[in-house]
There are 2 protein chains.
Amino acid sequence: MKNKRTIRDIANELQLSITTVSLVLNGKARENRISQEVIDRVLKFVKEVDYRPNHFARSLRNGKSKIIAFMAEDISNPFFSSIARLIEDSANNSGYKIVYCSTENNAEKTRELIKTFKDRRVDAYIITPTEGIEKEIENLVANRVPLMLFDRYFAGLSTGYVVIDNEQSTRNAIRHLIEQGYEKIGFVTLDSTQTQMSGRYLGYVNALEASGLPQFVLRIPYGSTESFIVNAVMEFLSEHKEIDSLFFSSNYLGVGGLKAVRQKNLSIPGDIGVIAFDDSEVFRMHTPAITTVTQPVEEISHKLVESILHQLMQEEAAGDILRNEIELSARLVVRESSSGKKKPV
Amino acid sequence: MKNKRTIRDIANELQLSITTVSLVLNGKARENRISQEVIDRVLKFVKEVDYRPNHFARSLRNGKSKIIAFMAEDISNPFFSSIARLIEDSANNSGYKIVYCSTENNAEKTRELIKTFKDRRVDAYIITPTEGIEKEIENLVANRVPLMLFDRYFAGLSTGYVVIDNEQSTRNAIRHLIEQGYEKIGFVTLDSTQTQMSGRYLGYVNALEASGLPQFVLRIPYGSTESFIVNAVMEFLSEHKEIDSLFFSSNYLGVGGLKAVRQKNLSIPGDIGVIAFDDSEVFRMHTPAITTVTQPVEEISHKLVESILHQLMQEEAAGDILRNEIELSARLVVRESSSGKKKPV
DNA sequence: AAGCTACGCTAAATCGTTTTAGCATGTTTT
DNA sequence: AAAACATGCTAAAACGATTTAGCGTAGCTT
């Protein structure tokens, strides 16, 4: 923090102009007819004294913060924290830092957060959008700000996004339950019209309609506490005693649901089959191990960063920003929890 | 992003000087004898037009980035991601943003990261230090940079830190195993001399020496893959068939260890008692539920932010920076996995 | 009436970069 | 020999805030 050298100091010490030093440092020396001799001299010197340009000055001048905002629904959720981990290194390697935040799926909070990020002039956004912030997203897009949505998106907006095929992967999962002999399949989901949730619901409905089986749906409000979820699922099971399997459309619904199943002393998969969305250590270690719809977290992360960095370069080049709409497929990882119900005696 | 108004625009539109506007906006109007009438006029106008000061300009001028660096060992580890979640809001509320990174407990990587954060002039650091970065930390402290270590610290340096009483909490856990009748207690830990690990090891040794029981220690290298951990624990158990219980000194060692125990077809707690460090959903949902040494994550987070914000204020006031050294206690959450071994027949 | 103080505001320097426009000097062209 | 061009570098404006030093006026003292 002491004796920080500025570009002016460098210029003085080398008996050159600030301009020259700056041009060399930014790789614009050749195109500005700076001699190789001078280039080498500058490069050698800045390396020797380990000159570090002031980010603030640079940002002020060129308007770039070299920061990407990562707006997750909840950074402590393993799905989001693993993505956070996976996007980190490549962002760093490209000279970007990532600031994170948790939206809690709350539109008002998200709006506030976006505002603070705008104030900071972050260069790009990676967002799990909440319902009701279409305006803000649209606004960012209109201003040609590099941006990617993930986990869900707004059908009406032409933003880039990375999602999975929720309908198909859920349909596959439900079909798997049916193949295993389950016939009264309950669907526990969030009370939400977001794309990921409606996609999963649709997959459920389609699979059941194709087989002529009855539907049992439990919708739980966003932001419910775990104990609320547990109770809701217990009631759901009490009201519909015929249910022989459950599909949980998110990881934490799955965790809460498993607790409910336990409290009701139902055995998995005999009394009740179980499939949950999103894989995690909990499901893998559970006894019995839980069948999950596993999102390709690495691929999602990779596509997100790739696309964002690409947009950042296009923006730099003042070109048109191409917004990738990417839909990946999720894998059904079959484990014991869906291996068929007890034969009636 | 369009028609951004600058402080100069505001000044012109109000027929005032830039200075006056700036003083008002920074709450230094009164002490500079700006009339109440002018103050009101400015405040009203900036609210009306929703004027947003340029962070870059401000940072360039006053050297403050309003950013806190959160350097975790691995942001996708539930222990760290839950802390990330818990420090986020209070930081935001105080006008700070948090950039995160994962050190992977790699000194070289950590050094690089600190360098990039220095370049960005982050205002404060919250760090899980790795071995070998004493110099860098010392350097930050010498430069009066607000900083808190957590999870572990350097005994030789007077940095602030938040840790738990590893020796005592481990000793309690081991004592609990002894009370439950276990006599051949294995200790699975990381091959590391960091304070948290040596503290836990010490607790183990002390508890056993007090009871005259034999020690069985397995040290696993940092950064081992899960399958390596599983194999190591399996070998450990094969080599020491007399072991009747295991203490895992980290959450992921615990997960790997449990897989090993399963593969060896040992039943918990009858064949082998288990306690793991750090609570998480996996341990709570495991069958049988795993006894854990539970760190007070909320309190840790709270103390971290509180202390950092405090240091930031002191720095602002050019006062001496008080570095809090905080040791909290962890709770032993007793569950089935340590409830006593099978009676020999 | 001259000298002070208080009051209310402002000019201008500063933070450290990037970048545009242009200045010498030397070399070709015609 | 004048005009044109190439070469190698630099002066200075700009980005948008904060802050120091100080300016003019009015009222009060002596």
Side-chain angles (χ1 to χ4, degrees), chain A residues 1-43 46 49-66 95 118-121 123 316 318, chain B residues 1-43 46 49-66 95 118-121 123 316 318:
Chain A
M1 307 295 135
K2 280 287 84 72
N3 66 324
K4 263 290 174 200
R5 227 178 283 248
T6 73
I7 197 172
R8 152 167 277 121
D9 299 329
I10 303 283
N12 286 340
E13 297 176 73
L14 287 173
Q15 298 279 54
L16 288 169
S17 77
I18 294 181
T19 310
T20 306
V21 177
S22 175
L23 289 173
V24 172
L25 291 177
N26 290 289
K28 303 188 178 165
R30 289 273 58 159
E31 68 198 75
N32 281 280
R33 303 186 307 267
I34 306 295
S35 68
Q36 192 59 51
E37 183 260 326
V38 167
I39 296 183
D40 293 342
R41 206 146 56 86
V42 172
L43 256 24
V46 299
V49 302
D50 191 30
Y51 162 70
R52 307 253 137 189
N54 182 310
H55 256 277
F56 300 148
R58 193 173 265 183
S59 293
L60 174 59
R61 176 60 222 227
N62 62 22
K64 299 274 157 270
S65 60
K66 288 287 178 175
K118 273 180 159 178
D119 280 357
R120 304 271 191 147
R121 308 282 203 289
D123 292 341
E316 193 97 358
Chain B
M1 304 295 134
K2 281 286 83 74
N3 66 323
K4 263 288 173 202
R5 227 177 281 250
T6 71
I7 197 171
R8 149 167 281 120
D9 299 331
I10 303 282
N12 286 340
E13 297 176 73
L14 286 174
Q15 298 279 55
L16 287 169
S17 77
I18 294 181
T19 309
T20 305
V21 177
S22 175
L23 289 173
V24 172
L25 290 177
N26 290 288
K28 303 188 179 165
R30 287 273 60 156
E31 67 198 75
N32 281 278
R33 303 188 305 267
I34 306 296
S35 68
Q36 192 58 50
E37 184 260 325
V38 168
I39 296 183
D40 293 343
R41 204 145 57 85
V42 173
L43 255 24
V46 298
V49 302
D50 191 30
Y51 162 71
R52 307 253 136 190
N54 183 310
H55 257 276
F56 299 149
R58 192 174 264 184
S59 292
L60 175 57
R61 177 61 223 229
N62 62 22
K64 300 274 158 267
S65 60
K66 289 284 177 178
K118 273 181 158 179
D119 280 358
R120 304 274 191 143
R121 308 281 203 289
D123 292 340
E316 192 97 357

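What you are looking at is a predicted structure, and each value in this text was computed from that prediction instead of being measured. Lettering follows sequence order; numbering is per chain, from 1.
Taking a 4.0 Å limit (strictly below) on heavy-atom distances, residues 56-66 of chain A reaches DNA chain D at A:Leu60, A:Arg61. Applying a 4.0 Å cut-off to non-hydrogen atoms, the residues of residues 20-40 of chain B that approach DNA chain D are B:Ser22, B:Asn26, B:Lys28, listed by residue number.
The backbone N or O of B:Ile34 sits nowhere less than 3.5 Å from a side-chain atom of B:Asn32 that would complete a donor-acceptor pair. At distances below 3.5 Å, not a single donor-acceptor pair connects side-chain atoms of A:Asn12 with backbone N or O atoms of A:Asp9. A distance-only check finds a donor-acceptor pair linking the side chain of A:Ser65 to the backbone of A:Arg121 [under 3.5 Å]. Within the 3.5 Å criterion, the main-chain N or O of B:Lys66 finds a donor-acceptor partner in the side chain of A:Arg120.
Taking CZ of B:Phe56 as the reference point, atom NE2 of A:His55 lies at 10.5 Å (rounded to 0.5 Å). The structure places NZ of A:Lys64 at 7.0 Å from CD of A:Glu316, a figure rounded to the nearest 0.5 Å.
A heavy-atom distance below 4.5 Å is found between the side chains of B:Ile10 and B:Val46. Proximity of B:Arg52 to B:Arg5: side-chain heavy atoms (C-beta onward) are nowhere separated by under 4.5 Å.
Shown here for B:Tyr51 and B:Thr6, the closest heavy-atom pair between the two residues is CE1-C, 3.8 Å.
Applying the salt bridge (Lys or Arg N to Asp or Glu O under 4.0 Å) criterion to A:Arg41, with sequence neighbours excluded, gives A:Glu37. By the salt bridge (Lys or Arg N to Asp or Glu O under 4.0 Å) test, A:Glu31 is found to be paired with no residue, residues two or more places apart in sequence or in another chain being considered.
The side chain to side chain contact (heavy atoms under 4.5 Å, CB included) with B:Ser22 is formed by just one residue from the set B:Thr20, B:Thr19, B:Asn26, B:Val24; it is B:Asn26.
If you check every strand for non-hydrogen atoms under 4.0 Å, A:Ile18 touches a base.
Along DNA chain C, the nucleotide closest to A:Arg52 and the one closest to B:Gln15 are compared, and the more 5′ of them pairs with B:Gln15.
The environment of A:Arg8 atom CZ is sparse: at most 12 non-hydrogen atoms of other residues, nucleotides or ligands sit within 6.0 angstrom.
A nucleotide of DNA chain C counts as in contact with chain B when one of its atoms lies under 4.0 Å from a heavy atom; the first and last such, 5' to 3', are C:dC7 to C:dG16.
Between its opening and closing five pairs, the helix from C:dA1-D:dT30 to C:dT30-D:dA1 changes axis direction by 70°, a value rounded to 10 degrees.
Applying the 4.0 Å criterion to OP1 and OP2 of D:dT10, one finds that A:Thr19 has every side-chain N and O outside that range.
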